[in-house]
Each structure stands twice: as C-alpha cells, then as structure tokens.
Amino acid sequence: MSEETFTQRVYDVVASIPRGKVITYGEAACRAGSPRAARAVGNVMNKNPDTERVPCHRVICSDGSVGGYAFGTSKKVALLRKEGVEIIDGKVHPEYLV
DNA sequence: GTCGTGACTAGCC
DNA sequence: CGGCTAGCCACGA
C-alpha cells in the first residue's frame, strides 16, 4: 500500500483534481511527495497510459501557461475550456488553481 | 552504478 | 515583455 512509487502517487493526485479546476506541476509534485520534482511529474504525465483515468490536462505550469500535452497543447486548452476553465492568451486564470 | 531524457521552475539580462 | 541559463527530480536503458 505504501510501496507506491512517485509515478503512482502522481496519478492519484492528478485523478483527485476536481473538474473545472487545475493545479501546477509543482503542486502535483508537492502532493506526490517531492516538491522539487515538477519535471519528474511532467515525465509521468507524458508516459500517462490512461488519459481518461488521469486528467493530465488539468495540470499546468506554475506561471499559468498551459504547459504541454501528449495529444497537443491545443487539445489541452480545448479540454480545459470545456470543463469551465477560462484561458486567455494561452494562460489559465490563477483562481482556477485548486 | 552511470547516463540521458523531459508536459518544470526561478532567476537573470 | 521576451528569451536564455542553470538547477532540480524520477524513470528507463
């Protein structure tokens, strides 16, 4: 149970993000147990095999930019907007952060 | 055990 | 405001 790796932990954290909200890679990394592993989180998301189970599109950069997406940043933005997240100039409003 | 990789972050010019 | 550098972490080969 507690043998979960950082990767497994990230999936759980991202999956716990409420719809219509987003968090930064640093925040996800912090919840995963490594506040400095924002980059590692990105790696996990990129390898994320279950995008439907893990809404990796709800993870954005700390500066508000959408960041990247395995299916294309454009797709990520479209999904966020559908969830109710307002994005301007490619940047998500900080109030949407959980 | 070592190296390379990447959807990051913060600081500096 | 915009671009670049250096530092950071976890995973696979």
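The nearest whole Å value for the distance from the CZ atom in R9(A) to the C1' atom in dC9(C) is 16 Å. Whole-Å rounding puts the H57(A) NE2 to dA7(B) P distance at 19 Å. Atom CE of M45(A) is separated from atom P of dA7(B) by 13 Å (rounded to the nearest Å). Spacing between atom CG of D63(A) and atom C1' of dG11(B) amounts to 14 Å, rounded to whole angstrom units. If you measure from atom OH of Y11(A) to atom P of dA10(C), you get 15 Å, rounded to the nearest angstrom. In this structure, E27(A) places its CD atom 14 Å from C1' of dT9(B), rounding to the nearest Å. Between N43(A) atom CG and dT5(B) atom P there is a gap of 12 Å when expressed in whole angstrom units. Between the CG atom of N46(A) and the C1' atom of dC9(C) there is a distance of 15 Å, given to the nearest Å.
Side-chain atoms of K76(A) never come within 3.5 Å of backbone atoms of F71(A) as a donor-acceptor pair (strictly under, hydrogens ignored).
Residue R36(A) places its side chain closer to dC8(C) than to any other of dC8(C), dA7(B), dT9(B). Distances from the side chain of F6(A) to the nucleotides dC8(C), dA7(B), dA10(C) place dA10(C) closest.
Of the side-chain N and O atoms in S34(A), one or more sit less than 4.0 angstrom from OP1 or OP2 of dA10(C). At least one side-chain nitrogen or oxygen of S62(A) sits closer than 4.0 Å to the OP1 or OP2 atom of dA10(B).
The partner of dC8(C) is absent, by the rule that a Watson-Crick or G-U pair needs both atom distances under 3.5 Å.
Place A40(A) and K91(A) on DNA chain C by their nearest nucleotides, and K91(A) ends up nearer the 5' end.
In this structure, Y25(A) reaches the bases: a heavy-atom distance under 4.0 Å links it to at least one base atom across the strands shown. When heavy atoms are screened at a 4.0 angstrom cut-off, T7(A) is found touching the sugar-phosphate backbone but no base atom. Using a 4.0 Å heavy-atom distance criterion, A37(A) is classed as a sugar-phosphate-only contact.
In this structure, Y25(A) is not a member of the same hydrophobic cluster as V66(A), with clusters built from ILVMFWY side-chain heavy atoms closer than 4.5 Å. No continuous path of hydrophobic side-chain contacts links Y96(A) to I17(A) [ILVMFWY only; heavy atoms under 4.5 Å]. Linking ILVMFWY residues whenever their side-chain heavy atoms come closer than 4.5 Å, directly or via other members, leaves V85(A) and Y69(A) in distinct clusters.
Salt bridge absent: E83(A) and K21(A) never bring a charged side-chain N and a carboxylate O closer than 4.0 Å.
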